[in-house]
Visitor: 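Provided herewith is a single structure, encoded as structure tokens, for subsequent inquiry.
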Amino acid sequence: MRKEGYIDNRGNYVRPGPDYQRLLMVALMNALAMLLAERMVSGLQFGSLLSLLLAALLFTVLNLSVKPVLQLAALPLTILTFGVFALVLNGFMLWLVVWLIPGCSVAGFGSAILASIVISLANLLITWIVGRL
């Protein structure tokens, strides 16, 4: 028997279960954003295209699985700092990805935070452009 999806409150059809095409699309958007961040932030470097793609895939998976738990745990600190700690958390996630993928490097934690800001803004722009197509 085939599982059926449902229509959400915005009128979009939602399929049950994991959506691997969407995961791949988000990973590619992250790769594009990371490439832009590498060009704009001098302390961030990816050794090759393969390391960039692996970093983008790992970044996507960690942002979907680990980051929500960290955000919940850090919620009091985020509220106390009026949201500034969220930037530190984003920088930590990028630093963790760069540390785990061989061939990638970041000069320091400040560069990771700056690069994560660039990645967030680039993803916002890419999502807006893709949504308008």
Side-chain angles (χ1 to χ4, degrees):
M1 182 176 272
R2 184 175 167 225
K3 285 187 174 181
E4 293 295 322
Y6 61 93
I7 306 295
D8 67 1
N9 60 352
R10 289 191 259 167
N12 297 323
Y13 177 75
V14 178
R15 287 183 280 171
D19 190 358
Y20 296 110
Q21 290 175 342
R22 179 161 167 70
L23 180 71
L24 183 61
M25 181 65 130
V26 171
L28 289 175
M29 290 186 335
N30 275 332
L32 186 61
M34 289 174 142
L35 183 63
L36 182 66
E38 180 186 27
R39 303 285 189 237
M40 293 180 72
V41 179
S42 62
L44 180 66
Q45 292 181 340
F46 298 101
S48 65
L49 181 61
L50 180 62
S51 64
L52 173 72
L53 292 174
L54 285 174
L57 184 62
L58 182 61
F59 189 69
T60 302
V61 169
L62 287 177
N63 275 341
L64 293 175
S65 59
V66 175
K67 188 176 176 185
V69 175
L70 291 177
Q71 283 177 326
L72 186 61
L75 186 62
L77 194 53
T78 303
I79 292 171
L80 189 64
T81 61
F82 299 106
V84 174
F85 191 73
L87 298 175
V88 173
L89 190 59
N90 287 341
F92 172 73
M93 295 300 292
L94 181 63
W95 176 82
L96 180 65
V97 166
V98 167
W99 182 72
L100 288 172
I101 301 294
C104 302
S105 66
V106 66
F109 197 65
S111 294
I113 291 174
L114 185 59
S116 71
I117 292 170
V118 171
I119 290 169
S120 297
L121 292 174
N123 273 329
L124 182 69
L125 181 65
I126 292 167
T127 303
W128 180 75
I129 290 170
V130 169
R132 296 193 48 100
L133 294 179

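All heavy atoms count here, side chains included; hydrogens, waters and symmetry mates do not.
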Visitor: Step by step, would you call Phe85 with Leu80 a side-chain contact (heavy atoms from CB on, under 4.5 Å)?
Guide: CA-CA 9 Å; Phe85 191 73; Leu80 189 64; over 6 Å; no
Visitor: Kindly write out the residues that satisfy side-chain contact (heavy atoms from CB on, under 4.5 Å) with Ala86, not counting sequence neighbours, or none if the list is empty.
Guide: Thr78
Visitor: Give the minimum heavy-atom separation between Ala27 and Ala56, together with the two atoms involved.
Guide: O-CB, 3.5 Å
Visitor: Taking the side chain from Gln45 and the backbone from Glu38, do they hold a donor-acceptor pair closer than 3.5 Å?
Guide: no
Visitor: Which of these, Asn123, Leu35, Leu52, Leu58, sits in a side-chain contact (heavy atoms from CB on, under 4.5 Å) with Asn30?
Guide: Asn123
Visitor: Going from NZ on Lys67 to OG1 on Thr60, what distance comes out if it is rounded to the nearest 0.5 angstrom?
Guide: 11.0 Å
Visitor: Are Leu87 and Val97 connected into the same hydrophobic cluster when the rule is that any two of I, L, V, M, F, W, Y join if their side-chain heavy atoms are below 4.5 Å apart?
Guide: yes
Visitor: Could you check if a side-chain atom of Ile126 sits within less than 4.5 angstrom of a side-chain atom of Leu32, using non-hydrogen atoms only?
Guide: yes
Visitor: Write down the atom of Pro102, the atom of Ser51, and the distance for their closest heavy-atom approach.
Guide: O-CB, 3.7 Å
Visitor: With rounding to the nearest 0.5 Å, note down the distance linking CG in Leu75 to CG in Leu89.
Guide: 11.0 Å
Visitor: Output the distance between atom CD1 (Ile101) and atom CZ (Phe59), rounded to the nearest 0.5 Å.
Guide: 12.0 Å
Visitor: Treating Ser111 as the side-chain partner and Ala107 as the backbone partner, does any N or O pair qualify as donor plus acceptor under 3.5 Å?
Guide: no
Visitor: Roughly how far, to the nearest 0.5 Å, is the CD atom of Gln71 from the CG atom of Leu77?
Guide: 13.0 Å
Visitor: Are any non-hydrogen side-chain atoms of Met34 and Leu94 less than 4.5 angstrom apart?
Guide: yes
Visitor: Do you know which two heavy atoms are closest between Pro76 and Leu72, and how far apart they sit?
Guide: CD-O, 4.3 Å
Visitor: Under 4.5 Å between side-chain heavy atoms, counting indirect links through other Ile/Leu/Val/Met/Phe/Trp/Tyr residues: same cluster for Leu62 and Leu53 or not?
Guide: yes
Visitor: Can you list the residues that meet the side-chain contact (heavy atoms from CB on, under 4.5 Å) rule with Ala37, with sequence neighbours excluded?
Guide: Leu44, Ala115, Val118, Ile119
Visitor: Could you tell me if the side chain of Met93 sits less than 4.5 Å from the side chain of Asn63, heavy atoms only?
Guide: yes
Visitor: Show your reasoning for whether side-chain contact (heavy atoms from CB on, under 4.5 Å) applies to Leu114 and Met40.
Guide: CA-CA 9 Å; Leu114 185 59; Met40 293 180 72; over 6 Å; no
Visitor: So do the side chains of Val88 and Phe109 get within less than 4.5 Å of each other, counting heavy atoms only?
Guide: yes
Visitor: Got Ser120 and Asn90 here, is their nearest side-chain heavy-atom distance under 4.5 Å?
Guide: yes
